[in-house]
Amino acid sequence: MSNCVYNKIAIEGGFKGLDIFTDKNIDFNKIIPEPKHIEGKDDVINWRENNWNVFRNASGTQIVGSNIVLFETDCKIPINIIKRLSEIANRKIEISWATEGMDGNVGRMTFLNGERVCGGLVEPYTDEWKQVMMDLNVYMGDEYYNM
């Protein structure tokens, strides 16, 4: 299992009107707030995995223009965060992701109003797969870019 997942979300219409950042970092607590009454590290991790689908908040946030944000998560994609964000924003949200390493877990999905509209895993080593990896700045080794 990979340790790092590189994520890219593109929000139709941009970030205007969305309160999703804290100190220029995407903040999952602003999308699905973590209850303040949770005690104990294991309880916090379980709550986050059940509600965010990841056990830590986003890291390494890079805002690109008015509608794209790049960030990293541990082990999984924050699918529940993206579903909820598409409900809050009431517009299309596209997420692209790639796991660290060459395990083939690369994908792209579009959500609207909390529902997946299209997408899923991308076939390994196809042009679309390479494009997602390059969009996310995931280094695969020179031999994979020339396939």
Side-chain angles (χ1 to χ4, degrees), residues 1-35 38 41-141 144-145 147:
M1 181 183 293
S2 297
N3 293 327
C4 185
V5 179
Y6 301 94
N7 301 274
K8 172 186 170 186
I9 57 173
I11 301 176
E12 184 178 74
F15 303 119
K16 189 175 182 179
L18 296 176
D19 182 22
I20 61 171
F21 297 102
T22 299
D23 298 326
K24 297 186 180 179
N25 288 304
I26 191 164
D27 186 350
F28 296 163
N29 275 301
K30 291 197 171 217
I31 301 166
I32 301 176
E34 183 178 313
I38 299 176
K41 183 179 178 181
D42 289 341
D43 291 339
V44 169
I45 290 171
N46 287 335
W47 185 92
R48 288 177 178 176
E49 286 187 347
N50 288 330
N51 291 278
W52 294 351
N53 201 51
V54 293
F55 62 90
R56 289 190 185 141
N57 212 330
S59 63
T61 300
Q62 298 174 47
I63 300 169
V64 182
S66 63
N67 74 321
I68 294 175
V69 64
L70 304 170
F71 60 95
E72 298 169 11
T73 52
D74 291 325
C75 300
K76 300 177 185 177
I77 60 170
I79 200 73
N80 296 340
I81 292 293
I82 304 307
K83 287 178 182 180
R84 179 68 183 131
L85 182 56
S86 74
E87 292 173 334
I88 294 167
N90 195 27
R91 47 196 157 187
K92 286 184 185 175
I93 309 286
E94 181 183 90
I95 182 166
S96 302
W97 72 90
T99 55
E100 194 171 56
M102 297 304 300
D103 62 6
N105 189 1
V106 173
R108 182 179 286 153
M109 285 190 261
T110 302
F111 289 85
L112 179 62
N113 296 320
E115 300 293 326
R116 186 175 77 171
V117 176
C118 62
L121 288 174
V122 174
E123 185 72 30
Y125 312 113
T126 61
D127 288 342
E128 183 181 15
W129 183 89
K130 290 182 218 176
Q131 187 61 54
V132 171
M133 295 288 272
M134 287 190 288
D135 286 351
L136 294 166
N137 298 318
V138 177
Y139 181 71
M140 302 175 288
Y144 295 102
Y145 290 103
M147 292 177 91

task: Please test Phe71 against Tyr6 for ring pair (Phe, Tyr, Trp, His ring centres under 6.0 Å), starting from the C-alpha separation and ending with a verdict.
output: CA-CA 6 Å; Phe71 60 95; Tyr6 301 94; over 10 Å; no

message: Checking Glu49 against Val54 for the side-chain contact (heavy atoms from CB on, under 4.5 Å) test, could you report, in this order, the C-alpha distance in whole Å, the side-chain angles of both residues, the deciding distance, and whether it holds?
response: CA-CA 5 Å; Glu49 286 187 347; Val54 293; over 6 Å; no

- prompt: Going through the distances and angles, do Lys83 and Glu115 end up as a salt bridge (charged side-chain N to carboxylate O under 4.0 Å, His left out)?
  reply: CA-CA 7 Å; Lys83 287 178 182 180; Glu115 300 293 326; over 6 Å; no

- prompt: Where do Ile26 and Phe21 land on the side-chain contact (heavy atoms from CB on, under 4.5 Å) test, with the steps shown first?
  reply: CA-CA 4 Å; Ile26 191 164; Phe21 297 102; 4.2 Å; yes

message: side-chain contact (heavy atoms from CB on, under 4.5 Å) for Val69 and Val64? Distances and angles first, verdict last.
response: CA-CA 6 Å; Val69 64; Val64 182; over 6 Å; no

task: Take Thr61 and Leu70 through the side-chain contact (heavy atoms from CB on, under 4.5 Å) test and state the conclusion after the steps.
output: CA-CA 6 Å; Thr61 300; Leu70 304 170; over 6 Å; no

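Looking only at distances, no side-chain donor or acceptor of Thr73 sits under 3.5 Å from a matching main-chain atom of Ala58. Looking at Asp74, its side chain never comes within 3.5 Å of a backbone N or O of Cys4 through a donor-acceptor pair.
From Asp127, atom CG reaches atom CE of Met134 across 8.5 Å, with rounding to the nearest 0.5 Å. For the atom pair CD (Glu12) and NZ (Lys92), the distance works out to 6.0 Å, reported to the nearest 0.5 Å. Atoms CZ and CG, on Phe55 and Asn50 in that order, are 13.5 Å from each other to the nearest 0.5 Å. Taking OG1 of Thr110 as the start and CD1 of Ile9 as the end, the distance is 12.0 Å to the nearest 0.5 Å. Once rounded to the nearest 0.5 Å, the distance linking CG of Leu18 with NZ of Lys30 reads 11.5 Å. Taking CD1 of Ile31 as the reference point, atom CG of Asn51 lies at 13.0 Å (rounded to 0.5 Å).
Contact between Gly114 and Ser86 at its shortest, heavy atoms only, is N-OG, 2.7 Å. Listed here is the closest heavy atom pair of Ile38 and Glu34: CD1-CG, 4.1 Å. In terms of heavy atoms, Trp129 sits closest to Pro124 at CD1-CA, 3.5 Å. Between Val132 and Gly107, the shortest heavy-atom distance links the atoms CG1-O, 4.1 Å. Between Pro78 and Ile95 the shortest heavy-atom distance is CD-CD1, 4.3 Å.
In the model, Gln131 has a side-chain atom that pairs as donor or acceptor with a side-chain atom of Asp135 under 3.5 Å. No hydrogens or angles considered: nothing links the side chains of Ser96 and Asn7 as a donor-acceptor pair under 3.5 Å. For the residue pair Trp52 / Asn57, no side-chain donor-acceptor distance below 3.5 Å is found, with atom types taken as modelled.
The side-chain heavy atoms of Met109 and Ile77, taken from C-beta on, include a pair separated by under 4.5 Å. A 4.5 Å side-chain heavy-atom check between Glu72 and Val5 finds every atom pair outside the cut-off. At a threshold of 4.5 Å between non-hydrogen side-chain atoms, the residues Leu121 and Trp97 count as touching. Residues Met133 and Lys130 are not in side-chain contact: their nearest non-hydrogen atoms beyond the backbone lie 4.5 Å or more apart. Counting heavy atoms from C-beta outward, Phe28 and Ile32 have side chains that stay 4.5 Å or more apart.
Of the candidates Asp27, Leu85, Asn25, Leu85 is the only one forming a side chain to side chain contact (heavy atoms under 4.5 Å, CB included) with Ile20.
Counting non-hydrogen atoms of neighbouring residues, nucleotides and ligands closer than 6.0 angstrom, the CZ atom of Arg91 exceeds 12 such neighbours.
In this structure, Lys8 does not pair ionically with Glu94, as no charged nitrogen and carboxylate oxygen lie closer than 4.0 Å.
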